[in-house]
Amino acid sequence: MKSRIGERLCSTEDGTPGNGTYSRHGYIFASLAGYVVKENDNGMVPVISVVRDSEPQLLPEVGVVVTCKVTSINPRFVKVHILYVRSTPLKGTFRGTIRREDIRATEKDKIEVYKCFRPGDIVLAKVISLGDAQSNYLLTTAENELGVVVAHSEAGEQMVPISWCEMQCPKSHGKEFRKVARVQPEFLHT
Amino acid sequence: MGLGPTYSMGLGPPLPRGFAPFSCKKRAAWIQGNLEKEYSLIMEQSLQPAICLHKYPRSQIEVYVMVLENDGSTLAAALTCASIALAEAGIEMFDMVVGCSLRQCGDVSLLDPTAAEEYSAASSQAVNNGSLTVALLPTLNQISGLVSKGEWEEQTSVEAIKACIEGCQKLYSVVQQCLTKSVKRKIPQLVSKD
């Protein structure tokens, strides 16, 4: 069923407003011109949404895990480019910042940024704030599952994590400090 | 639309809007003049209430309008076009914005005047000589923009606004048809789900 903008779809008793809709005075209206999709949520009230594009606009939201690449480091913070939101690649990169105190959960005052991240590292981080007009997205890696996933050694080889704070280069066997993300159990193969 | 304090949308830079030099009877300059700046402000004020700004935090929505041929009622036409463009771009809106203008000259009122019929202060009529542009949200039946020029008697002014609202409502069905056609064209693969 096609919907027009501002068209009344149904009452809020028959559905909950989803993407592309808004509710007002006890009714659900369409806010996009597209096709109305009704998703039944196993017995609960169905979610009514309007679909326009095959892939909707994706923006990082608070609490979402994003994949980013470190662009520059600084004793106070780390600047990153956000590349993926969950597992969806972004069409354009957003800028993010990881402050020094948000890198780790423990011993925040003893953090040395250059021992946690280096430019070029691929990092899993979580969005904590959208920031205000001038600033970037604020991210955190203060969880075991967050941190560096891919890093290259000074020799240029991709390093292997050996602990939560160290990675080793398979070629030169040199160890480097990083804030390493704990590998999810499903990805560990013995 | 720019960004004010967190989670509330404030006024941003005015919408760039231009008359192409070849659009009016007298060749215009490429640089924005006072009229364009005024129209930009009116357009922003008229379009802002229609857009679901709360769904776009930390985002700026920019609308650019270029008039290619000006034969009167450009503000009204620009408002309608801008709102269709926003809908086509997939920006979520509470309702469309439709613009309509009216020229009053004595007892004669003309909807959607041409450039020759448009308001000029140097007209022979002393009273009820003016022009009116109304921006309406048709489904919600709310006016989001109103510009009035000239001298009006109260009753005439009220009737003129009503006439403009009716004009907007008539235009609304054309606007919706246009969008529906574009939806069919853009997402043909979902038609089978009907």
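Keep in mind that what you see is a predicted model, and the values were worked out from it rather than measured. Reminder, nothing fancy here: chain letters follow the sequence lines and each chain counts from 1. Side-chain atoms are counted along with the backbone in the values below, which use heavy atoms only and exclude waters and symmetry mates.
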Quiz item: Honestly curious: do B:I51 and B:L136 fall in one hydrophobic cluster under the side-chain, below-4.5 Å linking rule?
Solution: no

Exercise. Might you confirm whether atom CD of A:E61 has over 12 heavy atoms from other residues, nucleotides or ligands at distances under 6.0 Å?
Key: no

Quiz prompt | Smallest separation among heavy atoms of B:T180 and A:K2, with atom names | solution = CG2-CE, 3.5 Å

Quiz prompt | A:Y84 atom OH, over 12 foreign heavy atoms within 6.0 Å | solution = no

Quiz prompt | Nearest non-hydrogen partners of B:K55 and A:G18, listed with the distance | solution = NZ-O, 4.4 Å

Practice problem: For A:Y22 and B:F94, work out which heavy atoms get closest and say how close. | Solution: OH-O, 2.7 Å

Exercise. Taking atom CZ of A:F94 as the centre, report whether more than 12 heavy atoms of other residues, nucleotides or ligands fall under 6.0 Å from it.
Key: yes

Practice problem: Answer with side chain, backbone, both or neither: which region of A:R8 has an atom nearer than 4.5 Å to a non-hydrogen atom of chain B? | Solution: neither

Self-check item: Contact winner vs chain B - A:A30, A:G20, A:S3, heavy-atom pairs under 4.5 Å
Solution: A:G20

Practice problem: Would you indicate whether A:E154, at its atom CD, is surrounded by more than 12 heavy atoms from other residues, nucleotides or ligands within a distance under 6.0 Å? | Solution: no

Exercise. Please examine the side chains of B:M96 and A:R4, heavy atoms only from C-beta on, and report whether any two atoms are closer than 4.5 Å.
Key: no

Quiz item: Would the number of heavy atoms belonging to other residues, nucleotides or ligands and lying under 6.0 Å from CD of A:E101 be above 12?
Solution: yes

Practice problem: Could you pull out the closest heavy-atom pair between B:T139 and A:I5, with the gap in Å? | Solution: OG1-O, 4.3 Å

Self-check item: Contacting moiety of B:I91, where chain A heavy atoms sit under 4.5 Å
Solution: backbone

